[in-house]
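This report refers to the structure that appears directly beneath it.
Letters go in sequence order (proteins before strands), and every chain restarts at 1.
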Amino acid sequence: MKTTEQQNKPINGNDLIALGYPENEILGIALKINKKRNGYTKAEMLDKYAQVLSSPQDFLEDKIFKTLAKGFIDGIHLPLQDENLIELNENPNDFKIYGAEKIEDGALEQMKVAMKLPVTVAGAIMPDAHQGYGLPIGGVLATKNAIIPYGVGVDIGCRMALSIYDLPASHYFEHHNSLKETLVKNTKFGAGHGFHGQYKAEHQILDDTKFETNSFIQNLKDKAWSQLGSSGGGNHFVEFGLIDFKEDDEKLNIKKGSYLALLTHSGSRGFGATIAGHYTKIAKEICKLPYKAQNLAYLDLDSAEGQEYWIAMNLAGEYASACHEIIHQKIAKSIGAEVLAKVENHHNFAWKEIYNGEEVIVHRKGATPASKDIMGIIPGSMTAPGFLVRGKGEENSINSASHGAGRQMSRTQAIKSLSQNKINDYLNDFGITLIGGGKDEAPMAYKDIHEVMAAQQDLVDIVATFTPKMVRMADDGSRED
DNA sequence: ATGTCC
């Protein structure tokens with residue numbers, strides 16, 4: 001007797017390949033269909049898939065399988081016959097791997113595919129890397145005059161921002177409750193959420209002429225305005241913590257000691273996500289790559305579409321920065337603190353940089369810029385320290401470092417295997433106050449940040465240590481209002 | 001990451 005769980009088990013690409021399905025876009029179409037299974041068990045579905053494969057003509061009128069059947073009949077050989085298909089190089093260029101033993105195979109495989117693109121100049125993978133769409137998260141890729149929307153990522157301009165206050169660590173313990181109120185009052189979390197009416201933020205980004213680039217971008221402005229100053233969901237947070245300088249830092253003009261600080265992690269919200277989706281779609285139409293590389297579709301930077309994406313990406317980056325600025329301004333005002341120093345860095349973006357003496361486009365998808373003396377923030381987890389770092393300018397990493405600890409447990413794995421009580425006890429042991437936050441963001445779901453930092457000693461110097469104390473994230477129920 | 005498929 002089958003349990004419901006067994007019947008509902010998902011079908012993955014390997015199941016279909018085992019049936020004899022080809023490794024091209026047919027696989028994608030077939031998997032999409034599986035999402036609306038209409039009560040069929042896994043076994044029944046696999047049987048159907050086998051029938052469609054052997055006689056697609058019988059399924060052209062089938063409600064569920066007609067798109068797949070049609071795909072087989074008039075599409076199956078298309079990608080191979082397409083005269084515009086761009087060939088990958090046979091052997092991938094070498095790329096530097098940091099922290100290899102902790103990086104999942106899938107991420108390395110994705111990096112190898114990226115290294116075969118004809119536009120690729122160099123690549124590197126950071127010790128917190130894991131699989132993503134196209135380029136892995138933690139992947140760094142330098143290209144020649146080409147921009148890959150999925151090499152930047154969905155959350156364009158996602159970044160860290162740190163404000164160090166003129167307040168001693170003791171302030172946190174003395175004002176715990178009012179800090180909590182400040183955090184709740186001045187932040188907004190949850191997918192789709194933003195500010196309305198009198199609560200909408202004002203910022204000069206709204207006057208940016210890049211919003212007038214084309215009607216597609218123009219149409220995104222209203223929602224961008226409403227989400228200005230919000231944080232979103234997933235691993236995004238706004239947190240108070242204590243930052244510890246073991247010695248004076250002259251460049252930041254901070255004296256040795258421990259200070260209250262605010263650390264934020266978020267990106268360009270729906271605005272950037274919509275831009276990423278739109279230009280990935282355009283790139284895929286223009287740049288026909290073999291199946292395995294399709295999410296690495298790129299735009300020539302000199303083409304109209306490439307220019308538009310570049311402008312939109314930069315606008316999304318500035319928008320993400322504005323979101324952080326608003327949060328930091330509101331909170332500094334609310335607690336009446338003076339800001340001694342501010343550090344900010346994006347980790348999902350592309351830049352024009354010089355590599356080996358030539359101008360290249362450096363994509364950092366979940367990687368911290370780490371050029372010589374450039375400051376960045378690498379967060380650990382709620383219960384593990386994050387680090388204020390200064391780049392060493394290591395060319396092998398294409399002047400980059402990790403953007404965090406990286407996951408050791410997938411979201412679904414964390415939700416399944418961790419109990420809320422256990423997470424609460426763990427947070428208590430570390431003296432962490434958490435507002436919101438789902439099980440998938442539990443600290444145990446992340447790798448050991450110390451191991452990650454050890455793997456990138458050649459890439460960054462640690463300037464100060466940040467210990468989170470009070471964390472706000474989207475809560476589990478954030479999808480409802 | 002994103003109201004998770006226009």
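With rounding to whole Å, A:H196 atom NE2 is found 12 Å from B:dG3 atom C1'. In this entry the distance linking NE2 of A:H265 with C1' of B:dT2 reads 14 Å, nearest Å. Separating the OH atom of A:Y133 from the P atom of B:dC5 is a distance of 8 Å, rounded to the nearest angstrom. Nucleotide B:dT2 holds its C1' atom 8 Å from the NZ atom of A:K223, rounded to whole Å. Distance CZ (A:F271) to P (B:dG3): 13 Å, rounded to an integer number of Å. One can place NE2 of A:H236 at 15 Å from C1' of B:dT4, the figure rounded to the nearest angstrom. At whole-Å resolution of the value, NE2 in A:H278 and P in B:dT2 are 20 Å apart. As rounded to whole Å, 8 Å separates atom P of B:dT2 from atom CD of A:Q227.
Taking the six-membered ring for Trp and the full ring otherwise, A:Y21 and A:F72 have centroids separated by under 6.0 Å.
Residues satisfying the side chain to side chain contact (heavy atoms under 4.5 Å, CB included) test with A:Q131, not counting sequence neighbours, are A:E104, A:Q110. Among residues two or more places apart in sequence or in another chain, the side chain to side chain contact (heavy atoms under 4.5 Å, CB included) test is passed with A:N295 by A:Y133, A:Y150, A:K284.
Heavy atoms of A:G272 sit nowhere under 4.0 angstrom from any nucleic acid atom. Nucleic acid contact for A:G234: sugar-phosphate only, since backbone atoms but no base atoms lie under 4.0 Å from a heavy atom of the residue.
Contact annotation: A:K281 does not reach the phosphate of B:dC6 (side-chain N/O to OP1 or OP2, under 4.0 Å).
Ring geometry, A:F216 versus A:H278: the interplanar angle falls under 30°, so the pair is classed parallel (tilted spans 30 to 60°).
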